[in-house]
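Scroll down for the structure; my scribbles are underneath it.
Sequential numbering from 1 along the given sequence is applied to the chain's residues.
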Amino acid sequence: DIIGKAVFNYDFNSVSSKAQNPVIEAVYTALKETETRALDFLPIWKLPGELPTTLSPRQRRATEAVELIRQTTTDLIENCRKQ
């Protein structure tokens, strides 16, 4: 919340709301995936093309999470540029 408000003038409401924010959930998913990749013996995320997301629901969730984070960040930067 602090970084969102300070940098982007955006409130994620992660502290004040009991409802889960999809962006915050995506960040946790991405962080968990980073931790898991550091410990995995079989790096299926390095397989070519769509194969990782086809074979692994975890990879699909991680990919979707990163896409949401990137899109949200892009939208917030664009909103800041317009102001």
* Structure fact -> Sorted by chain and residue number, the salt bridge (Lys or Arg N to Asp or Glu O under 4.0 Å) partners of R37 (sequence neighbours excluded) come out as E33

* Asked: For I69, which fellow cluster members are found when Ile, Leu, Val, Met, Phe, Trp and Tyr are connected by side-chain heavy-atom distances below 4.5 angstrom, either directly or through intermediates?
  -> V27, L31

* Asked: Among all residues two or more places apart in sequence or in another chain, which pass the side chain to side chain donor-acceptor pair (under 3.5 Å) test with D75?
  -> Q71

Distance-only check: which donor-acceptor pairs under 3.5 Å involve side-chain atoms of residues 60-68, not counting sequence neighbours?
{"unit_1": "R60", "atom_1": "NH1", "unit_2": "T53", "atom_2": "O", "d": "2.4"}
{"unit_1": "T63", "atom_1": "OG1", "unit_2": "Q59", "atom_2": "O", "d": "2.9"}

* With sequence neighbours excluded, give me every salt bridge (charged side-chain N to carboxylate O under 4.0 Å, His left out) pair touching residues 41-55. => none

* To do: Give, for atom OG1 of T74 and atom CZ of R70, the distance between the pair rounded to the nearest 0.5 Å.
  => 9.0 Å

* **Euclidean distance, E78 CD relative to R81 CZ, rounded to 0.5 Å** => 5.0 Å

* **Partner set under side chain to side chain contact (heavy atoms under 4.5 Å, CB included) for L51, not counting sequence neighbours** => L47, L55

